[in-house]
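In what follows, chains carry the letters A, B, and so on, assigned in the order in which the sequence lines appear, proteins first and then strands, with residues in each chain numbered from 1. Basis for what follows: all heavy atoms, side chains included, without hydrogens, waters or symmetry-related copies. It should be emphasised that the depicted structure is a prediction, and the values quoted were computed from it without experimental measurement.
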Protein chains: 2
Amino acid sequence: MADIKPAQKGLFLRKSELRRGIELLFFAYRDFTAEADRVLAGYGLGRAHHRVIYFVARQPDITVSELLAILGITKQSLARVLSHLVAERFVEQRAGTHDRRQRLLRLTPQGAALEAMLTDLQCKRFAETYNAGGAESVAGFTQILRGLLDEPTRAQLLKLSPDHGD
Amino acid sequence: MADIKPAQKGLFLRKSELRRGIELLFFAYRDFTAEADRVLAGYGLGRAHHRVIYFVARQPDITVSELLAILGITKQSLARVLSHLVAERFVEQRAGTHDRRQRLLRLTPQGAALEAMLTDLQCKRFAETYNAGGAESVAGFTQILRGLLDEPTRAQLLKLSPDHGD
DNA sequence: GGTTTTATGTCAGCCATGTTGACCAATATG
DNA sequence: CATATTGGTCAACATGGCTGACATAAAACC
């Protein structure tokens with residue numbers, strides 16, 4: 001990093017370009033999540049519930065521990081939203097087969113329907129943008145986002161989808 | 001969008017690829033903001049304070065209204081963090097010259113120092129990633145993030161940096 | 001078999017940051 | 001001049017993070 005000559009190595013390393021990246025990430029994340037938030041509000045749910053539903057759909061029979069590791073929050077934070085989701089019949093729990101302390105989490109049909117609606121909504125936004133941008137833009141987008149991750153998160157994502165780094 | 005043939009139009013429109021995008025955005029945003037959050041915690045400040053400091057630095061003598069429009073939060077949410085920042089001498093206010101109801105906001109030297117430290121930290125992460133990815137990845141990254149924005153946000157960003165859409 | 005570790009849950013309570021609604025003051029406008 | 005708009009304050013509430021203490025059951029270990 002010490003020997004960078006902006007004019008040669010790339011104008012994209014100018015401070016103003018870096019600030020643009022910071023700002024785009026902030027606004028894109030905000031706008032992107034806001035859309036699902038509005039739907040969730042109609043069900044009396046929040047963003048935290050969405051994350052749980054999303055990752056339970058992604059990996060059925062996930063345990064509480066695994067979910068905690070993915071979300072990076074505390075037991076109590078998860079317990080609050082999870083017990084709410086169970087009470088409202090979006091998620092169901094059963095004891096683990098090998099280790100009966102574990103609670104394997106799955107979506108109920110109602111939960112699956114909600115997850116599908118939310119994910120379709122978000123996928124639609126991505127699909128339109130990807131489609132407009134083309135394969136190269138998508139490749140650049142994922143490349144840079146991956147680069148912004150902390151190393152442990154990168155490892156976690158590999159576990160989530162083994163072909164992650166294509 | 002109805003006539004897409006994934007095999008031709010792009011594998012990046014597969015559901016699994018779209019989910020990957022959703023997840024990358026979530027984790028990248030989380031990891032990216034967490035770094036600054038740790039610094040801020042040492043000053044007894046939070047992410048909301050950071051946003052204010054950032055945009056006041058970006059546009060000195062910004063008014064409260066303009067800041068509200070950029071941040072997209074309510075007056076009260078802003079007033080809380082802003083009055084804290086003023087009390088702790090990170091931000092100073094003066095009455096507007098034309099309209100004396102307005103409060104023009106600026107960073108104090110202390111505020112400017114903090115902003116510089118945080119922005120340098122975040123720019124460093126971006127610069128390393130951009131440098132590793134190259135100009136094409138950066139172009140794709142910004143293209144896709146811009147596509148994910150709501151239309152009003154896109155207009156707002158143009159006001160913030162007129163050459164935004166290059 | 002008894003002890004320790006692990007997986008999970010529960011309770012109380014704190015903090016940061018979002019929300020709404022009532023309200024005040026300064027300015028702009030018909 | 002009267003009223004509407006704009007800029008800002010305060011009180012009160014909701015969400016979703018956090019900590020720490022503790023309970024229980026199952027599993028693992030010696």
Next on the checklist: So B:Thr63, base contact, sugar-phosphate only, or nothing? Heavy-atom distance under 4.0 Å.
Outcome noted: nothing
Checklist entry - When the distance from CZ of A:Arg30 to P of C:dT17 is rounded to whole Å, what number comes out? => result 16 Å
Next on the checklist: Does any part of the side chain of A:Cys123, heavy atoms only, come nearer than 4.5 Å to the side chain of B:Ile22, both counted from C-beta?
Outcome noted: yes
Next on the checklist: Under the rule for side-chain contact (heavy atoms from CB on, under 4.5 Å), what residues qualify as partners of B:Thr108, not counting sequence neighbours?
Outcome noted: B:Glu92, B:Gln110
Item to check | A:Arg106: partners by side-chain hydrogen bond (donor to acceptor under 3.5 Å, both in side chains), with sequence neighbours left out | outcome: A:Asp61
Next on the checklist: Can you measure B:Arg38 atom CZ to C:dA16 atom C1' for me and round it to whole angstrom units?
Outcome noted: 18 Å
Checklist entry - Do B:Leu118 and B:Tyr54 come within less than 4.5 Å of each other through their side chains, counting heavy atoms only? => result no
Checklist entry - A:Tyr29 and ring-ring contact (aromatic ring centres under 6.0 Å, His included): which partner among B:Phe26, B:Phe32, B:Tyr29? => result B:Tyr29
Item to check | Whole-Å distance separating the CG atom of B:Leu68 from the P atom of C:dT19 | outcome: 10 Å
Item to check | Pairs touching residues 79-89 of chain B that satisfy side chain to side chain donor-acceptor pair (under 3.5 Å), sequence neighbours left out | outcome: B:His49-B:His84
Using a cut-off of under 3.5 Å, enumerate the N/O to N/O pairs linking the protein to nucleotides 24-28 of chain C.
unit_1 : atom_1 : unit_2   : atom_2 : d
C:dA26 : N3     : B:Arg101 : NH1    : 3.0
C:dT27 : OP1    : B:Arg100 : N      : 3.2

Item to check | Test side-chain contact (heavy atoms from CB on, under 4.5 Å) applied to B:Ala48 - qualifying residues, sequence neighbours left out | outcome: B:Val81
Item to check | Contact boundaries on DNA chain D for chain A, cut-off under 4.0 Å to non-hydrogen atoms | outcome: D:dG16 to D:dA27
Checklist entry - Residues two or more places apart in sequence or in another chain: which of them pass side-chain hydrogen bond (donor to acceptor under 3.5 Å, both in side chains) with B:Lys15? => result A:Asp120
Next on the checklist: What residues from residues 40-53 of chain A pass a heavy-atom cutoff of under 4.0 Å to DNA chain D?
Outcome noted: A:Gly46, A:Arg47, A:Ala48, A:His49, A:Arg51
Item to check | side-chain hydrogen bond (donor to acceptor under 3.5 Å, both in side chains) partners of A:Gln93, counting only residues at least two apart | outcome: A:Arg103
Checklist entry - Heavy atoms under 4.0 Å, any strand shown: does B:Gln93 hit a base, just sugar-phosphate, or nothing? => result nothing
Next on the checklist: Under a 3.5 Å threshold, yes or no: a donor from one side chain and an acceptor from the other, between A:Thr142 and B:Arg20?
Outcome noted: no
Checklist outcome for this item: Contacts of A:Glu115 meeting side-chain hydrogen bond (donor to acceptor under 3.5 Å, both in side chains) (sequence neighbours excluded), chain-then-number -> A:Thr119, B:Arg19
Next on the checklist: Among residues at least two apart in sequence or on other chains, which ones pass side-chain contact (heavy atoms from CB on, under 4.5 Å) with A:Leu160?
Outcome noted: A:Phe55, A:Arg58, A:Gln59, A:Ile70, A:Leu157, B:Glu23
Next on the checklist: With a 4.0 Å cut-off on N to O distance, would you call B:Arg125 and A:Asp150 a salt bridge?
Outcome noted: yes
Checklist outcome for this item: Ordered by number, residues from residues 71-83 of chain A within less than 4.0 Å of DNA chain D (heavy atoms) are A:Gly72, A:Ile73, A:Thr74, A:Gln76, A:Ser77, A:Arg80
